[in-house]
Amino acid sequence: MTTNTQNTQSTQNNQTVQAVEAVEAAPGARTVLVTSASGKTGRRVAERLGALGVTVRAGSRTGATPFDWEAPETWGPALRGSDAAYVAYYPDLAAPGAADAMSVFGELAAESGVRHLTLLSGRGEPEAVVAEEALRKAASGVELTVVRASFFAQNFSEGLLAEGVAEGTLVFPAGDTAEPFIDADDLADVVVATLTADGHAGRVHEVTGPRPVSFAEVAAEISRVSGRPVVYEAMPEEEYAALLTGFGLPAPEAEWLAALFATLLDGHNASATDGVKQILGREPRSFTTFAAEAWGGTATGSGPGA
């Protein structure tokens, strides 16, 4: 474990040096708008860019750079003067209205002189691809990189599923399907690489964790490292939508979200890619490693994501 940690740190240090050199070699690309900067990925991207000396406009509803996906009037002012932008659409790029939003945002980016956009997309989401194309068409003359990511490991610790995990029950409409969960820290490193290094313009990167892990295995691994029982309860899509509605989510949004999860976890995404290694030159973090850090255990290498 100690050796692996040291090797990982050495690799990350080398990547940081390379990224700094890339930023210094391209002095014009120094101001980056990070949308959804208070979210799981935006926060991490903003922190990493700032550490590299990049001027970051952390766009959020309450931040120094006002930005709200539900308020298009905030998009133009945030884009003006930015050399690049990380585009993390909320609630999801497959959501109704996302393609229209991308068309407007892309036109504003082009008009504002933005040179590069990195778009966060979902892996295996046909509706998200429609939104990708809308942005590509609207942002004429702007370099575009698309990063299609698998389900975030952090959804279990700081996202939608965190409360249930804390209470000992992981309820989700995933059946026995496995998913190659990606660590949001790996995803942030990938995004930063696309924003600070050459060779990513026009590319579509698919990034995942090292191997598929079932939700039952996730619950077992969290139980192992935390020392408290967590059980997985598979739930049909319709029942899950009703559950979300019971928690106060509007019925149309609950039904859409349940349908999205059921579609994403029908098995068509149950394979891993080498995207993280291709971009960063290292293997992605396993769910075992993530769980050990998130819940205070010690990764032994014997868990499901090892």
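As a basis for the values below, the full set of heavy atoms in this structure was taken, side chains included, without hydrogen atoms, waters or symmetry mates.
- Distance check: Glu217 CD to Thr288 OG1 gives 9.0 Å after rounding to the nearest 0.5 Å.
- The closest side-chain heavy-atom distance from Asp266 to Thr177 is not below 4.5 Å.
- Between the side chain of Glu127 and the backbone N or O of Leu93 there is no donor-acceptor pair closer than 3.5 Å.
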**Message:** side-chain hydrogen bond (donor to acceptor under 3.5 Å, both in side chains) for Thr31 and Arg57? Distances and angles first, verdict last.
**Reply:** CA-CA 7 Å; Thr31 300; Arg57 290 183 175 176; 5.8 Å; no

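- Within the structure, no pair that satisfies the ring pair (Phe, Tyr, Trp, His ring centres under 6.0 Å) test touches residues 111-139, not counting sequence neighbours.
- Within 6.0 Å of the CD atom in Glu73, the count of heavy atoms belonging to other residues, nucleotides or ligands exceeds 12.
- Between Ala138 and Ala110, the shortest heavy-atom distance links the atoms O-CB, 4.4 Å.
- Taking CD of Glu233 as the start and OG1 of Thr169 as the end, the distance is 7.0 Å to the nearest 0.5 Å.
- Leu161 and Phe290 fall within the same hydrophobic cluster, defined by Ile, Leu, Val, Met, Phe, Trp and Tyr side-chain heavy atoms under 4.5 Å apart, directly or through other members.
- Scored by the side chain to side chain contact (heavy atoms under 4.5 Å, CB included) test, Glu206 finds Arg123, Arg148, Thr273 as partners (sequence neighbours excluded).
- For the pair Val34/Leu49, a side-chain contact is recorded, criterion being any heavy-atom separation below 4.5 Å from C-beta on.
- Expressed to the nearest 0.5 Å, how far CG of Leu257 lies from CD of Glu237 amounts to 10.5 Å.
- At a threshold of 4.0 Å, the pair Arg48-Asp189 counts as salt-bridged, since one of the basic side-chain nitrogens sits closer than that to a carboxylate oxygen.
- For the pair Lys40/Phe152, a side-chain contact is recorded, criterion being any heavy-atom separation below 4.5 Å from C-beta on.
- Counting Ile, Leu, Val, Met, Phe, Trp and Tyr side chains that sit under 4.5 Å apart, directly or through other members, Val130 stands alone, with no cluster partners.
- There is a side-chain donor-acceptor pair under 3.5 Å between Thr41 and Tyr86.
- Remark: side-chain polar atoms of Ser223 are paired, donor with acceptor, to backbone N or O of Val230 under 3.5 angstrom.
- Counting heavy atoms from C-beta outward, Val147 and Thr118 have side chains that approach closer than 4.5 Å.
- Using modelled atom types and a 3.5 Å distance limit, the side chains of Asp183 and Gln154 yield a donor-acceptor pair.
- Val191 places none of its side-chain heavy atoms less than 4.5 Å from the side chain of Leu120.
- Taking the six-membered ring for Trp and the full ring otherwise, Trp295 and Phe156 have centroids separated by 6.0 Å or more.
- With contacts defined as side-chain heavy-atom distances shorter than 4.5 Å, the pair Thr208/Val276 does not qualify.
- Between Arg44 and Glu47 there is no salt bridge, since no side-chain nitrogen of the basic residue lies less than 4.0 Å from a carboxylate oxygen of the acidic one.
- Put simply, Val146 and Leu195 are part of two different groups of oily side chains (I, L, V, M, F, W, Y) that touch within less than 4.5 Å, one to the next.
- Two residues are said to be in side-chain contact when any heavy atoms from C-beta on lie closer than 4.5 Å; Val190 and Gln278 fail this criterion.
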**Prompt:** When you look at Glu111 and Arg80, which way does the salt bridge (Lys or Arg N to Asp or Glu O under 4.0 Å) test go after all the steps?
**Reply:** CA-CA 9 Å; Glu111 293 171 0; Arg80 282 194 286 274; over 6 Å; no

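- Annotation: salt bridge (charged side-chain N to carboxylate O under 4.0 Å, His left out) contacts of Arg43 (sequence neighbours excluded): Glu158.
- In summary, Glu293 and Arg285 engage in a salt bridge, as defined by a charged side-chain N under 4.0 Å from a carboxylate O.
- A search for salt bridge (charged side-chain N to carboxylate O under 4.0 Å, His left out) contacts involving Glu283 returns Lys277, not counting sequence neighbours.
- Counted by atom type alone, Ser60 and Ser38 present zero donor-acceptor pairs between their side chains at under 3.5 Å.
- For the side chain to side chain contact (heavy atoms under 4.5 Å, CB included) test, residues two or more places apart in sequence or in another chain that qualify with Ala174 are Phe172, Phe215, Tyr232, Leu265.
- Inter-residue side-chain proximity for Val114 and Asp83 is flagged as unmet; no heavy-atom pair is nearer than 4.5 Å.
- For the atom pair OG1 of Thr55 and CZ of Arg30, the computed distance is 8.0 Å after rounding to the nearest 0.5 Å.
- Here OG1 of Thr35 is found 6.0 Å from CG of Leu33. Values are rounded to the nearest 0.5 Å.
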